[in-house]
Every structure is written in C-alpha cells, then in structure tokens.
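Every chain is numbered from 1 and lettered A, B, ... according to where its sequence line falls, protein lines coming before strand lines. Because only heavy atoms are used, hydrogens play no part in the values below, and waters and symmetry mates are left out as well, while side chains stay in.
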There are 2 protein chains.
Amino acid sequence: MAEPLGFRPLYRQVKAIFVRRLVDGVWAPGEGLPSEGQLAAEIGVSQGTVRKALDELAAENLVVRKQGRGTFVAEHDERRILFQFFKLVPDQGERRFPDSAVLSVTTGVADAAEREALDLPARDKVIRIRRLRSFDAAPLIVETLSLPQRLFRGLEVDPIPNNLYSLYAARYGVTIAHARERLKAVALAPDDAVLLGVAARSPALQVDRLALALDGMPVERRLSLCLTEEAHYLSDLR
Amino acid sequence: MAEPLGFRPLYRQVKAIFVRRLVDGVWAPGEGLPSEGQLAAEIGVSQGTVRKALDELAAENLVVRKQGRGTFVAEHDERRILFQFFKLVPDQGERRFPDSAVLSVTTGVADAAEREALDLPARDKVIRIRRLRSFDAAPLIVETLSLPQRLFRGLEVDPIPNNLYSLYAARYGVTIAHARERLKAVALAPDDAVLLGVAARSPALQVDRLALALDGMPVERRLSLCLTEEAHYLSDLR
DNA sequence: AAGTGGTCTAGACCACATT
DNA sequence: ATGTGGTCTAGACCACTTG
C-alpha cells in the first residue's frame with residue numbers, strides 16, 4: 001500500500017526555500033545570491049539540485065542568471081516591465097514606455113468587481129489611482145488602478161511614480177510576479193473619450209489586469225482603456 | 001587568438017538534429033520517439049545531453065514527454081489548440097472550441113499586407129478562406145485566412161475542417177510551432193456587422209495572427225474580428 | 001518484470017567576468 | 001588567477017506505465 005499522495009522532488013523543496021526567501025525579502029531585488037556551491041553546502045544537497053531549482057526560478061523571471069557573475073534577484077526595471085508587462089507597442093517605431101499623468105488618487109470601499117478580483121472581504125477599502133498615459137503628449141491610455149489599502153498604507157499621500165511595480169517592491173516588499181489580462185473591445189464612454197481626445201463611442205481596447213505577488217496573492221487590479229489607432233497589443237503564442 | 005564566434009553547446013546541436021527530423025517528417029505527429037538511451041547511443045552522446053535537448057523541445061511544445069511511456073511528437077489536437085492558440089474564452093462557463101461555417105474559399109494575387117506578412121514575392125498567389133465561428137449558433141468571430149498557394153496546393157478544392165492546423169500537418173507536412181498576434185479595437189464595417197448580427201460600427205476585437213512553422217517560416221495569416229460582449233481574450237503575463 | 005522518463009549525485013571541464 | 005554559472009558525463013536509484 002504505497003502513498004497515493006504526490007511525489008515532491010528535492011529540487012522543488014529547495015526551490016520553495018528560495019521562494020520563501022524572496023517573499024520574506026531575505027534576498028532583495030537586485031541583490032546577488034550566494035553561489036550555487038555555497039547554497040548546496042548550506043542546504044545539504046548537490047550543486048546540480050540547487051541548479052535545477054534556480055533554473056526554474058530563472059524561467060519564471062524571479063531571478064536572473066549571468067554567466068561568470070552570479071545569480072541575482074530580478075528587478076522591475078524599465079526594460080523588464082516594457083517586455084514582460086507592457087504589451088501595447090506602436091505600429092511604427094520602437095517599443096517604448098509612455099509618460100503618465102496622475103488624474104486622481106482616492107480611497108474608498110471596494111466595489112463588487114474589486115472585491116472579487118482582489119479577494120477582499122466586504123467593506124475593505126481600496127486605493128484608486130486614475131491616470132492618463134501618453135506617447136509624446138498624444139493620449140493613449142486612461143486607466144484606473146485599485147489596490148488593497150491594507151497592503152499599501154500611505155501610498156496615497158505621496159507622488160505616484162511612473163514605475164509602480166518598482167515602488168511596490170521597494171517600499172512595501174510586494175513583488176509582482178505575473179499577471180492575467182482579459183481583453184475586450186468596447187465603445188468609449190463620453191468622459192473617457194474626452195480624456196483621450198476622441199469622439200464618444202469610439203472603439204477602445206479594454207484591458208482588465210490582475211497582478212499577482214510571488215506567493216500568488218492578487219495585489220493590483222488595473223482597468224485600462226487603450227486607443228489602438230497607432231498601436232497594438234502584442235501577444236506571442238508559443 | 002580564440003574563435004570570436006559564438007559557442008554552440010552539444011545539446012543544441014543534438015536539438016537541431018531532432019528539429020530537422022521533425023521538419024522533414026521523419027518523426028511524424030503523434031509518433032513515439034526512440035528512448036533517450038537509444039538516441040544517446042545512436043548519436044554518440046550521453047543520455048543527459050539527449051535529455052537536455054528533449055527538455056527544450058518539450059518546453060517549446062514540439063514534443064510531449066510522458067513518464068513511464070516515452071516521448072512523443074506533439075499533435076495539434078483540439079485540446080492543445082484550445083489552450084495554446086485559441087485565446088478567446090467565454091466570460092462565463094468552460095473554455096471551449098467554436099463551430100465554424102466556411103463562407104468562401106478563393107484564390108488570388110496576394111495584396112501588400114499579405115505579401116508583407118507572409119514574406120511573398122510580388123504576384124504570388126494566396127488561398128483565402130473566409131469563415132464564421134460561433135458558440136451555440138451565436139456568431140462570435142468572422143475571420144479571413146490567407147495561405148501561400150505554393151505551400152498548400154489543392155487545399156481549396158476540398159472541404160475545410162474546423163481544425164486547420166491538424167490538416168496542415170497531416171496533408172502538407174507543415175507544423176505550426178507558434179504564432180504572433182496583434183490586437184486592436186475597431187468599429188465593425190457594415191458587412192461584417194451583418195454577419196455577426198450586430199449594429200454597424202459596433203466595437204470588435206481585431207486579431208491579426210501570423211502563424212510560423214517549425215523552421216520559423218510564416219505560413220498563415222489570419223485576420224479575425226471578434227465580438228467581446230460575452231467573451232474575452234485571455235493573456236497571461238509571466 | 002521490464003522499459004520509460006524523472007531525480008539526484010559527483011566530478012571534470014568550458015566559457016565568461018572580474019580582479 | 002580566481003570565481004561564477006554552463007556543459008557534459010556516468011551511474012544509481014525512483015516513479016510511472018505496460019505487459
């Protein structure tokens with residue numbers, strides 16, 4: 001009578017140890033990890049097992065490996081966000097990052113959609129950030145972010161940087177690991193159309209993003225309305 | 001004076017041998033590969049090196065590994081297409097595959113967009129398939145496919161199955177390995193709106209797909225107009 | 001019981017970056 | 001010269017599937 005339960009390979013247990021250290025901030029973004037040999041000796045497994053654990057973390061973009069230099073905790077620098085999280089690219093010209101103008105920062109009780117997405121109990125509060133993003137002063141995206149207030153205390157009192165994911169990591173120890181986006185084509189409401197400088201009822205690409213932390217906890221919801229006259233959402237199917 | 005050229009690890013050379021066999025159809029979809037040990041002995045490398053080559057092919061969905069059974073050439077069965085290539089999912093209910101009704105099959109000289117996408121010389125011909133796809137008789141997508149005629153001779157004279165990628169592989173030896181999609185929100189032209197049963201100028205999600213074969217050659221362009229009232233395009237950012 | 005892929009180890013050597 | 005990750009090997013054993 002063998003165990004009907006799943007088998008858990010050693011390298012996954014090692015990986016779990018490493019993820020724990022990332023979640024707890026023992027290893028902070030940008031920092032270099034100990035060498036494979038040191039980690040192997042510390043944990044008491046072979047170097048090959050550590051290697052396999054680190055390879056999986058690298059495949060998930062949680063660490064970056066550099067031959068001859070070492071293994072480093074991944075950062076949310078502009079380049080990474082541009083390629084991993086920002087899928088809207090100009091039809092012509094280089095892939096680049098838009099400017100952001102914050103329209104408002106408010107707090108309030110989460111509505112049904114926010115509670116559902118962020119897995120919040122009733123009456124929990126969220127911070128809402130509304131901003132307009134542009135390429136060369138040409139409005140491109142108007143978006144509303146919703147964040148659980150209990151995770152991001154004090155965020156609303158300071159200036160909002162363009163690169164939010166870097167701020168989440170540095171100030172709140174929250175690392176965005178991946179995201180799920182749901183896309184629809186919609187007709188713009190009059191007020192959004194005004195902000196984007198187009199006619200009401202113009203078609204726009206609506207992107208409903210839920211961003212998840214290292215441990216899988218949902219930490220940010222982002223509802224974006226994008227003009228796609230001169231840009232498109234790029235999706236690679238592999 | 002060392003070689004300034006790139007270093008090419010052994011397992012990648014082995015992988016290239018395997019890809020060659022897939023491209024040439026020596027190993028056909030669904031077929032089982034020789035065991036790792038046999039391949040290692042045949043090529044004259046260690047089993048670990050063969051393993052690393054096969055692991056990469058599995059990561060690219062070109063082969064499927066089944067513990068205790070063997071390694072198999074990936075097929076374009078319904079499940080794979082549903083998860084890898086069909087990103088439009090119902091807002092409520094299970095992920096599923098729409099029905100297809102072919103509207104027309106024609107041939108003609110490739111236009112500028114088709115030549116650009118498919119990398120065709122001037123005056124080359126394409127086969128165009130236009131079809132309407134529905135969930136439970138509710139129209140969802142109207143799409144036009146463009147295929148290089150020289151790759152798919154005779155395709156236009158036979159009935160068009162719902163699962164085209166399986167047909168490409170079985171009859172023309174063309175395996176679709178991955179695809180690149182560009183999304184925009186557009187207002188429906190009157191004739192497309194009629195087909196989809198909505199008002200003219202309704203917003204729709206336009207998906208411009210370019211599908212690439214194993215060797216990276218572009219082999220299919222597909223322009224889809226999707227209604228997103230009760231469905232959405234799902235994109236996972238990892 | 002036999003065959004397959006999956007894991008784990010130990011050691012040698014290579015490529016790359018830094019000192 | 002040293003230290004890092006990357007490759008390659010050989011062998012042992014484990015988990016899973018099939019006959």
- Query: DNA chain C: A:Lys52 or A:Arg69, which has the more 5' nearest nucleotide?
  - Reply: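 Here A:Lys52 is the residue nearer the 5' end.
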- Map A:Arg12 and B:Leu54 onto DNA chain C by nearest heavy atom, then report which one ends up closer to the 5' terminus.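 Nearest nucleotide further toward 5': that of B:Leu54.
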- Taking only the side-chain heavy atoms of A:Ser46 (C-beta and beyond), determine which of D:dT9, C:dC8, D:dT7 contains the nearest atom.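 Out of D:dT9, C:dC8, D:dT7, the nucleotide with an atom closest to A:Ser46's side chain is C:dC8.
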- With respect to the side chain of B:Leu10, which nucleotide from C:dG5, D:dC8, C:dT9 is positioned closest?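 Out of C:dG5, D:dC8, C:dT9, the nucleotide with an atom closest to B:Leu10's side chain is D:dC8.
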In whole angstrom, what separates [X]'s [atom1] from [N]'s [atom2]?
| X | N | atom1 | atom2 | value |
| --- | --- | --- | --- | --- |
| B:Gln47 | D:dA12 | CD | P | 13 Å |
| B:Gln67 | D:dT18 | CD | P | 12 Å |
| A:Phe72 | D:dG3 | CZ | C1' | 12 Å |
| B:Phe7 | D:dG5 | CZ | C1' | 12 Å |
| A:Arg65 | D:dG3 | CZ | P | 19 Å |
| B:Leu33 | C:dG3 | CG | P | 19 Å |
| A:Gln38 | D:dG3 | CD | P | 11 Å |
| B:Glu56 | D:dG6 | CD | P | 13 Å |

- Message: In terms of relative ring orientation, are B:His76 and B:Tyr165 parallel, tilted or perpendicular, with 30° and 60° separating the classes?
- Response: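 Perpendicular.
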- B:Phe97 and B:Phe86 aromatic ring geometry - parallel, tilted or perpendicular at 30°/60° bounds: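 Geometry flag for B:Phe97 against B:Phe86: perpendicular rings.
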Closer than 4.0 Å, any side-chain N/O of [X] to the OP1 or OP2 of [N]?
| X | N | value |
| --- | --- | --- |
| A:Arg51 | D:dG5 | no |
| A:Thr71 | D:dT4 | no |
| B:Thr49 | D:dT7 | no |

- Task: Tell me whether the guanidinium CZ or amine NZ of B:Arg65 lies under 6.0 angstrom from the six-membered ring centre of B:Phe72 and within 45° of its axis.
- Result: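 Pair B:Arg65/B:Phe72 does not count as cation-pi.
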- Query: With sequence neighbours left out, what residues match A:Asp24 under side-chain hydrogen bond (donor to acceptor under 3.5 Å, both in side chains)?
  - Reply: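 Per chain and number, A:Asp24 pairs via side-chain hydrogen bond (donor to acceptor under 3.5 Å, both in side chains) with A:Arg20.
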- For B:Glu181, does its backbone N or O pair with a side-chain atom of A:Asp236 as donor and acceptor, under 3.5 Å?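 Between the backbone of B:Glu181 and the side chain of A:Asp236 there is no qualifying donor-acceptor contact (under 3.5 Å).
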